[in-house]
2 protein chains.
Amino acid sequence: MVPGQRLVEQELSERYHATRSSVREALQDLAAEGLVELVPRRGARVRVVSVEEAIQITECRAALEGLCARRAAEHAPSQRREGLREIGTGMRKAVAEGDLNTYSALNRQLHDAIARMSGQTVAEGLLDRLKGQMVRYQFRLALRPGRPSQSLPQHLAIIDAVVAGDGAAAEAAARAHLDSVIAELRATPERDAAERLGA
Amino acid sequence: MVPGQRLVEQELSERYHATRSSVREALQDLAAEGLVELVPRRGARVRVVSVEEAIQITECRAALEGLCARRAAEHAPSQRREGLREIGTGMRKAVAEGDLNTYSALNRQLHDAIARMSGQTVAEGLLDRLKGQMVRYQFRLALRPGRPSQSLPQHLAIIDAVVAGDGAAAEAAARAHLDSVIAELRATPERDAAERLGA
DNA sequence: GTCGGAGCTATTGTCAACAATTTCGTCGCC
DNA sequence: GGCGACGAAATTGTTGACAATAGCTCCGAC
């Protein structure tokens, strides 16, 4: 689905063999999650998140994931924290072999695991929302050459700090990692002007 | 509206002279904002946020308002930052006179103003959501004796740091303030068991 | 040639009736 | 006396039709 694309209720209901009411409801849900924009009397369109907004989203992620990393390091049982090591070795292997898909999947797993074991369910929910709006950019960033070798040590640092139970270090590592994502986003040209019209 | 209370569509539609469809839609919106709980086939009820959850919400607020305070201190034009001083003097006056209503209103104003001038619209949106779920507790905390004299210096410290343009200090002050709110919440007995049944 | 308005079309918003499901009370049975 | 099945009432979910609105096209006037 292209950002900016119009979403006509009847069209969707035919395509997915659903009633218009269901489609309407689904669109409202998506709007609540910030995935589509819903203008009264003028219908729905896929929301386009600008690079600027992606940066702000990542800044929020830095704050929230910092909190989660700290709490995970401080409060999660050491056995669960140890489990992160496995993700770390998997990441090392994936990067060494140039397997971007696996690395990307492990990336998600790591962030989710830390949020989960932090016990911060509210923060976890907010992060899910925020990440949902970032899909387009996450995809684009991961494919950039040299990016994995840059982010791998950051991920390993987060794992080390959490496993060591060092809350302050874990928070700092998580924030440093996301700050680097922000820097990468800043270097992204806003070349999506075409998409915005709803090609 | 009491937490846990059942919200029957027909009843609401009669009370507010709206159609059931509108009520249904409104309930969905409120559910998206986390204000009501919507169980399929079993209707809606006012969501009850436990003290535990209120603490987690405040932890997220600490992280996000810390970010906003820092950015406000660093990036907002000095003229707008100076405007906070006015809120500060108003707070001092309200506390001195024991005017809890005014102090409470200024409290909201201060937090909103900082979020607004930080330019972090994403964080601002998340904070609005989170605060919406806290209404019950905010109300309760503000009425506690001695609370204003405890929070006033914290508020003034935030204002000082933001006006001075000291990002790190502003973030620290904001977090310290919300940490104190958390401590206060921790001292709140979960005496709402009765409410939970939907009295 | 362009601007403004009328009418048309596509699309969303609203409504009332109907269907399906859950809940609660009642009765019978163990 | 308690447990489970049955049935009625209450409530939510779904459907289709209708109303209202926004955007577009076409026509006419300046």
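Throughout, a chain's letter reflects where its sequence line sits, starting with A, and its residues are numbered from 1. Side-chain atoms are counted along with the backbone in the values below, which use heavy atoms only and exclude waters and symmetry mates.
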Q: Indicate for each nucleotide in nucleotides 14-20 of chain C, in 5' to 3' sequence, whether protein heavy atoms under 4.0 Å reach the base (B), only the sugar-phosphate (S), or nothing (-).
A: BB-----

Q | Counterpart residues, salt bridge (charged side-chain N to carboxylate O under 4.0 Å, His left out), relative to A:Arg41 (two or more places apart) | A | none

Q. Who are the salt bridge (charged side-chain N to carboxylate O under 4.0 Å, His left out) partners of B:Arg20, not counting sequence neighbours?
A. B:Glu9

Q) Nucleotide range of DNA chain D contacted by chain B, 5' to 3', under 4.0 Å to a heavy atom? A) D:dT11 to D:dT14

Q.
Looking at A:Glu53 and A:Arg47, is any side-chain nitrogen of the basic one under 4.0 Å from a carboxylate oxygen of the acidic one?
A. yes

**Q.** Residues from residues 32-39 of chain A lying under 4.0 Å of DNA chain D - heavy atoms
**A.** none

Q | Residue list, salt bridge (charged side-chain N to carboxylate O under 4.0 Å, His left out) with A:Arg85, at least two apart or on another chain | A | A:Asp160

Q: Among residues two or more places apart or on two chains, list those pairs meeting side chain to side chain donor-acceptor pair (under 3.5 Å) that have a residue in residues 27-38 of chain B.
A: A:Gln28-B:Asp29, A:Asp29-B:Gln28

(Q) So, using side chain to side chain donor-acceptor pair (under 3.5 Å) as the criterion, who are the partners of A:Thr102 when residues are at least two apart? (A) A:Asp99

Q.
For A:Arg116, give me all partners under salt bridge (charged side-chain N to carboxylate O under 4.0 Å, His left out), at least two apart in sequence or on another chain.
A. A:Glu124

Q | Any residue meeting side-chain contact (heavy atoms from CB on, under 4.5 Å) with A:Ile182, in chain and number order, not counting sequence neighbours | A | A:Ile55, A:Thr58, A:Glu59, A:Asp179, A:Arg186

Q) Nearest-Å distance, CZ (B:Arg42) to C1' (C:dT23)? A) 9 Å

Q: Hydrophobic side-chain clustering at under 4.5 Å (ILVMFWY, transitive links): who's grouped with A:Val36? Put none if nobody.
A: A:Met1, A:Leu7, A:Leu12, A:Tyr16, A:Val23, A:Leu27, A:Leu30, A:Leu35, A:Val46

Q. Base, sugar-phosphate, or nothing for B:Leu27, non-hydrogen atoms under 4.0 angstrom?
A. nothing

Q. Taking only residues two or more places apart in sequence or in another chain, which ones pass side chain to side chain donor-acceptor pair (under 3.5 Å) with A:Glu171?
A. A:Arg70, A:Arg175, B:Arg175

